[in-house]
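One structure below.
The model shown is predicted, which means the values in this text are computed figures rather than measured ones. Counting convention: from 1, in listed order, for ligands and their atoms alike. Every heavy atom of this structure was used, including side-chain atoms; hydrogens, water molecules and symmetry mates were not.
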Amino acid sequence: MINFINKLPKAELHLHIEGSLEPELLFAIAKRNNINLKYATVEELKTAYSFDCLQDFLNIYYQGAGVLIYEQDFYDLTWAYMEKCASQNVRHSEIMFDPQTHTERGVAFKTVINGISKACSDAKEKLGVSSLLIMSYLRHLSEEAAFKTLAQSLPYKHLITAVGLDSSEQGNPPSKFKNVFEASIKEGYIPLAHAGEEGAADYIWEALDMLKIKRIDHGNNCLQDDTLVQEIIKRDMALTVCPLSNTALQVVDNLKNHPLKKMMDLGLKVTINSDDPAYFGGQVNQNYIEIQENLNLTKQDLYELAKNSFQYSFLDKDTKQYFLEELERYYLNNN
Ligand code: ADE
Ligand code: ZN
């Protein structure tokens, strides 16, 4: 099974590039930027990676992202992730980045986007990994701040496919960002949002109806509302589920109780993703491996999940077809 998963062609649709910053690289970048960290060693830092809830994690995650200052830092961060994609047979990745995490500290939007997008373009050429970018608004900040970010992004619109909504969910409902999402759609960005990770089902309704999202990030709590589940199925909308993130942030107490298989059985279109792999104990393949073991998923289930990852990506029709055929050949030869 592990071998089957490792070689399975797949896409990753929910990945925060700042959350892929491994402690070793974090230390190396801090050193070259003369930043003093609160932790003396990589091991000491890792002991802080134990979380009670989303906010607990976000506090550490924003601290970690604070070492990123120069274009080269964003390049190195993204390149390291893309190398991991290549080694896991992730053929395509839809990468979220949080510009406000950096612009709020005085780093220019241009520095962030140039570093990330250059690494993506090199990865396409040298590693054969395809990618696109999702600019995420931080929901703990104001809608006005998101509008400012939208304006900053416009000169780089050709490099960005979608907008997302992340950070502290509780108390920051999708409705807070209705206007900026409307404006983002007008600019040609595809709308997405984290919803129903810690927030209740009504946040998912809001994201669907007010933000007009095309894919749901997490969405676990849709299971609280049968009508919502049916609506998501009717709209043929996928969920980007992140098993190891869910247990790390105590959204789910144990992978044995993870609702992923239940979601699939209900007819929901589910994908498997790593969210913030440097913080949650595993890359995307580790998420596949652990959820397979805990829920006894079959090769057919895994094939279904990988198929959804291409099917519900924002790739163009022909590229999607190309990857889907590659996946089908793999499945036929290996099951
Ligand atoms: N930012 C990075 N990871 C996140 C998550 N899992 N939920 C909300 N915001 C995030
Ligand atoms: Zn996320």
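Looking at atom 6 (N) of ligand 1, its nearest protein heavy atom turns out to be D275 OD2, 2.7 Å.
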Take Q72 and D76, measure what side chain to side chain donor-acceptor pair (under 3.5 Å) needs, and give me the verdict at the end. CA-CA 6 Å; Q72 189 67 43; D76 292 348; 2.8 Å; yes
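With L13 as the fixed residue, the side chain to side chain contact (heavy atoms under 4.5 Å, CB included) test singles out one of I95, T271, D217: T271.
For D217, the closest heavy-atom approach to ligand 1 does not fall below 4.0 Å. Within the structure, ligand 1 has S167 among the residues with a heavy atom less than 4.0 angstrom away. Residue contacts with ligand 1: H218 is included, with a non-hydrogen atom under 4.0 Å away.
One hydrophobic cluster holds both Y331 and Y288 under the rule that ILVMFWY side chains link at heavy-atom gaps under 4.5 Å. There is no path of hydrophobic side-chain contacts, each under 4.5 Å, that joins L77 to L132.
By the criterion of a heavy-atom distance under 4.0 Å, neither the backbone nor the side chain of E18 is placed next to ligand 1. If you look at E169 next to ligand 1, there are no close heavy atoms at all, none under 4.0 Å. Here D98 has no heavy atoms under 4.0 Å from ligand 1, in either its backbone or its side chain.
Every atom of ligand 1 with a heavy atom of H16 under 4.0 Å away is listed here by number and element: 1 (N), 2 (C), 3 (N), 4 (C), 10 (C). Under a 4.0 Å criterion applied to the non-hydrogen atoms of D276, ligand 1 contributes the atoms 2 (C), 3 (N), 4 (C), 6 (N). For ligand 1, the atoms sitting less than 4.0 Å from at least one non-hydrogen atom of F57 are 2 (C), 3 (N), numbered in the order shown with element in parentheses. Every atom of ligand 1 with a heavy atom of E197 under 4.0 Å away is listed here by number and element: 5 (C), 6 (N), 7 (N), 8 (C).
Aromatic ring centres of F310 and Y322: separated by at least 6.0 Å. Aromatic ring centres of F109 and Y156: separated by under 6.0 Å. Between F177 and F181, the ring center distance fails the sub-6.0 Å criterion. In summary, the aromatic rings of F27 and Y39 are positioned with their centroids too far apart to meet the 6.0 Å limit.
Contact check for D275 versus H218: side-chain heavy atoms found under the 4.5 Å cut-off.
Interatomic distance, Q283 CD to L244 CG, rounded to the nearest 0.5 Å: 10.5 Å.
Legend: protein N/O/S atoms lying under 2.8 Å from the Zn ion (ligand 2), waters omitted, number 4.
At a cut-off of 3.5 Å, with distance as the only test, a side-chain donor of N59 or Q55 sits close to an acceptor on the other residue.
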